[in-house]
Peer 1: 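Below you'll find the structure I mean.
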Number of protein chains: 2
Amino acid sequence: MEMDDRKMKILQAIIDDYILTGVPVGSRTISKKYDMGLSSATIRNEMSDLEELGYLDQPHVSAGRIPSAKAYRLYVDSLMKTGRIRDDSLETVSRHFTGRVHQMEDVIDHAASVISALTRYTAVVLPPKGKQPRMQTVQLVPVSRDAALVVIVTDTGIVRDSTIRLPGDMDSDTLYAISRALTEELRGHTLAEACEILPGMIQRMRENQELLQGLYGFLNERKESPSRPHVAIGGTSNMLSYPEYSDVEKARTFLSLMETRDKLASIIAGDGEMAFTVRIGPETGVPEMVDCSIVTATYSTRSGQQGTIGVIGPTRMQYSRVMSILNIMGHQLTDLFSGGDDSNE
Amino acid sequence: MEMDDRKMKILQAIIDDYILTGVPVGSRTISKKYDMGLSSATIRNEMSDLEELGYLDQPHVSAGRIPSAKAYRLYVDSLMKTGRIRDDSLETVSRHFTGRVHQMEDVIDHAASVISALTRYTAVVLPPKGKQPRMQTVQLVPVSRDAALVVIVTDTGIVRDSTIRLPGDMDSDTLYAISRALTEELRGHTLAEACEILPGMIQRMRENQELLQGLYGFLNERKESPSRPHVAIGGTSNMLSYPEYSDVEKARTFLSLMETRDKLASIIAGDGEMAFTVRIGPETGVPEMVDCSIVTATYSTRSGQQGTIGVIGPTRMQYSRVMSILNIMGHQLTDLFSGGDDSNE
DNA sequence: GTTAGCACTCAAGCGAATCGAGTGCTAACC
DNA sequence: GGTTAGCACTCGATTCGCTTGAGTGCTAAC
């Protein structure tokens, strides 16, 4: 037995209905709501076939059918109607977006909350991420008598800052001179490389040995964890409005997963270089998420760094709507980060 | 009728028990578990009195009593045993804390997750906040041919950064010179004041008019919202483990309140200058939180800025434990931010 | 003032009965 | 052969009544 056109249409109707209502859908519903000129009995036969093919599951014998992960996969891959991409609310909100851009973090926070508001699911936004950020400028900014702020500008545009202690009195001109030397020496190198270059400089620049030593420690400590990326999350509470999460225990595990941002980031980030990903249920590879789906899209910055935006929802997700929203938001962010610069005019 | 010593003792026992178990407590429980040499009948009479005095509520006639907000207030104010302040787990974790301090945001994020892990409630940490941050250093760091990063160090230690566009080619020495001039001129002033000073400078420094104009816009845009503070939250999912939140709808409103960080910040921040605050149920002034309590403490930085740490839990909260944890964590943060500087050695 | 005793209340838990949505199967129909 | 009407059957969900037991309030005796 194999899929024919009619089975496809029926499957699609079932999925559409289930996505809409969230309750198992029966044969009568299909034959009445979606008029395909077939009686419920015929639908029933077809549904039985579809179940045998692995596209439908039956929670218990006297309930309707629900789509399996395999069905959603098929749905997303081929039979989803890609819907009206334009959405009024989206347009307005996305306009509201432009022009209030401050720092990177604000942007991705905002993006997450906009996406979650539009989709009514949980949204996650990861900042742009390159392979290895390369240093562009190093500058020591005096903060107090005995402390300076280290500002490192990398090509990702990300700034790491933290204070280090100054050995003795150093005026701002001295600091500037050191900054210049450092910039000259380190520009274009990664943090890890910088840690290899510095010892040489320490040898040469005797008078500032102590300061440089401090800087060395500073870099060394950060070279591994590229300043743990700020993960923006929005709409976690949305999930609780779906019957899938009326079980509090389930909700709790979901929420605590959302709280461990590192883990979440690695889940969302994905491995491939795909611009658009849809992972359904078990495909997520996360045991806690067997009945969730994750849709991700990417955006990029002027310097070619890639960021990820993702939506997490129940497998019964409005895939087409989510995908179109992610699509538009991806473009939006790409424009924002590469069109102008990320600042005010 | 008024409170006597015995009533106090009984009330305390009731509250202790209710905090522990979460179920209405009956007269027999008190007379047996907490031996006060009285029969359940006597306890019953006293409980009836306590109810009349407004310290106890009765969910329904044949259930035990639960403490009212007034009872918790009394409990916190006078009859709480301030418990063993030292906690083994706390010691270990707080040690684990020291020595991994990076940026401010990391610190408060970390603090929130530590507090929530220890208390099993929801923790909120607000960054140090002064009345009006005063500028200490202004520095323009070249990022690319036509853009520079504006780094402003204020006495709060908070850095605001964002890129602005550069008019023409400007080498880093020029930028440094301008930075020096700006620092000299603006040091000690608030952002708002800076916006009044700048026009004068623009007049004088003709050649860099365009750049300064950009900077002016930059400051103007930020002077109102002091870079919306980063609010750290931890353990929102903890709340779902309490029977108080087995109702999903309740949980949802709570969580969505936690998501609107601005609102949350203003709730936590409180108005007074109290070092320690306990707000119980309706005292929070937030309708969504009638059956929550909020305990806050403060910490301070070297420059005297005050930050807030808070715990949100059910009214049936382990007040003494929470307070001692907040107390210790407050000292911890104060040490961290004022003892050394917030960096590595 | 304290306590034992007792009648009373009421949520929670349990099981039987009912309901109804939905299926699978068979036989008739086109 | 595919489609449909009809019917018996299944099983979760709902309802109803019953029982249980924790807990109270009151009264009378100590």
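Numbered from 1 within each chain, the chains take letters A, B, ... in sequence-line order.
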Peer 1: Quick check on contacts: within residues 58-70 of chain A, what sits under 4.0 Å from DNA chain C by heavy-atom distance?
Peer 2: A/Gln58, A/Val61, A/Ser62, A/Ala63, A/Gly64, A/Arg65
Peer 1: Where do A/Met258 and A/Ile312 land on the side-chain contact (heavy atoms from CB on, under 4.5 Å) test, with the steps shown first?
Peer 2: CA-CA 10 Å; A/Met258 291 301 114; A/Ile312 303 175; 3.7 Å; yes
Peer 1: Sequence neighbours left out, what passes side-chain contact (heavy atoms from CB on, under 4.5 Å) with A/Ala275? Give chain and number order.
Peer 2: A/Thr298
Peer 1: A/Tyr319: what forms a ring pair (Phe, Tyr, Trp, His ring centres under 6.0 Å) with it, not counting sequence neighbours?
Peer 2: A/Tyr72
Peer 1: Taking atom C1' of D/dT24 as reference, at what distance in whole Å does atom CG of B/Asp49 sit?
Peer 2: 14 Å
Peer 1: What are the atom names and distances for every N/O pair under 3.5 Å that joins the protein to nucleotides 2-5 of chain D?
Peer 2:
{"unit_1": "D/dT3", "atom_1": "OP1", "unit_2": "A/Arg6", "atom_2": "NH1", "d": "2.5"}
{"unit_1": "D/dT3", "atom_1": "OP2", "unit_2": "A/Arg6", "atom_2": "NH1", "d": "3.2"}
{"unit_1": "D/dT3", "atom_1": "OP2", "unit_2": "A/Arg6", "atom_2": "NH2", "d": "2.9"}
{"unit_1": "D/dT4", "atom_1": "OP2", "unit_2": "A/Ser39", "atom_2": "N", "d": "3.1"}
{"unit_1": "D/dT4", "atom_1": "OP2", "unit_2": "A/Thr42", "atom_2": "OG1", "d": "2.6"}

Peer 1: Would you tabulate the pairs of protein nitrogen or oxygen atoms and nucleotide nitrogen or oxygen atoms of nucleotides 28-30 of chain C closer than 3.5 angstrom?
Peer 2:
none

Peer 1: What's the spacing between B/Met317 CE and B/Met323 CE if we round to 0.5 Å?
Peer 2: 10.5 Å
Peer 1: What is the distance, rounded to the nearest whole Å, between atom NZ of B/Lys33 and atom P of D/dA22?
Peer 2: 14 Å
Peer 1: Please state how far atom NZ in B/Lys32 lies from atom C1' in C/dT3, giving the value in whole angstrom units.
Peer 2: 17 Å
Peer 1: Report the distance from atom CD1 of B/Ile43 to atom C1' of C/dG1, rounded to the nearest whole Å.
Peer 2: 14 Å
Peer 1: For atom CZ of A/Arg261, decide whether the heavy atoms of other residues, nucleotides or ligands shown that lie under 6.0 angstrom number more than 12.
Peer 2: yes
Peer 1: Do any pairs count as a ring pair (Phe, Tyr, Trp, His ring centres under 6.0 Å) and have a residue in residues 1-40 of chain B, sequence neighbours left out, and if so which ones?
Peer 2: none
Peer 1: Check whether any side-chain N or O of B/Ser27 sits under 4.0 Å from OP1 or OP2 of D/dT24, and answer yes or no.
Peer 2: yes
Peer 1: Output the rounded distance in Å from CG (A/Leu56) to P (C/dG24).
Peer 2: 11 Å
Peer 1: Give the rounded distance in Å between these two atoms: CZ of A/Arg28 and C1' of C/dG20.
Peer 2: 12 Å
Peer 1: Sequence neighbours excluded, which residues qualify as side chain to side chain donor-acceptor pair (under 3.5 Å) partners of A/Thr236?
Peer 2: B/Glu259
Peer 1: Return the set of residues passing side-chain contact (heavy atoms from CB on, under 4.5 Å) with A/Ala71 (not counting sequence neighbours), or none when no residue passes.
Peer 2: A/Leu11, A/Ile15, A/Tyr55, A/Pro67, A/Ser68
Peer 1: B/Tyr18 OH to D/dG23 P: how many Å, rounded?
Peer 2: 13 Å
Peer 1: Using distance only, find each side-chain donor-acceptor pair of residues 46-53 of chain B under 3.5 Å and give its atom names and separation, not counting sequence neighbours.
Peer 2:
{"unit_1": "B/Glu46", "atom_1": "OE1", "unit_2": "B/Lys7", "atom_2": "NZ", "d": "3.0"}
{"unit_1": "B/Glu46", "atom_1": "OE2", "unit_2": "B/Arg6", "atom_2": "NE", "d": "2.7"}
{"unit_1": "B/Glu46", "atom_1": "OE2", "unit_2": "B/Arg6", "atom_2": "NH2", "d": "2.6"}
{"unit_1": "B/Asp49", "atom_1": "OD2", "unit_2": "B/Lys7", "atom_2": "NZ", "d": "3.4"}
{"unit_1": "B/Glu51", "atom_1": "OE1", "unit_2": "B/Arg65", "atom_2": "NE", "d": "2.8"}
{"unit_1": "B/Glu51", "atom_1": "OE1", "unit_2": "B/Arg65", "atom_2": "NH2", "d": "2.8"}

Peer 1: Looking at every heavy atom in both B/Ser237 and A/Ser256, which two are closest together, and how far apart are they?
Peer 2: OG-CB, 3.4 Å
Peer 1: Is the backbone N or O of A/Glu244 less than 3.5 Å from a side-chain atom of A/Asp291, with the two atoms forming a donor-acceptor pair by type?
Peer 2: no
Peer 1: Which salt bridge (charged side-chain N to carboxylate O under 4.0 Å, His left out) pairs, counting each pair once, include a residue from residues 67-78 of chain A, with sequence neighbours left out?
Peer 2: A/Arg73-A/Asp77, A/Arg73-A/Glu283
Peer 1: For the pair made of CG in B/Asp4 and C1' in C/dG1, what is the distance, rounded to whole Å?
Peer 2: 12 Å
Peer 1: Return the stems involving DNA chain D, sorted by first number, where pairs are Watson-Crick (N1-N3 with N6-O4 or O6-N4) or G-U wobble (N1-O2 and O6-N3), both under 3.5 Å, and runs are 3 or more long.
Peer 2: C:1-30 with D:1-30
Peer 1: Filter on ring pair (Phe, Tyr, Trp, His ring centres under 6.0 Å), then keep only pairs touching residues 237-261 of chain B, sequence neighbours left out; what's left?
Peer 2: B/Tyr121-B/Tyr242, B/Tyr245-B/Phe254
Peer 1: Please check if the side chain of A/Thr296 supplies one atom and the backbone of A/Ile309 the other of a donor-acceptor pair under 3.5 Å.
Peer 2: no
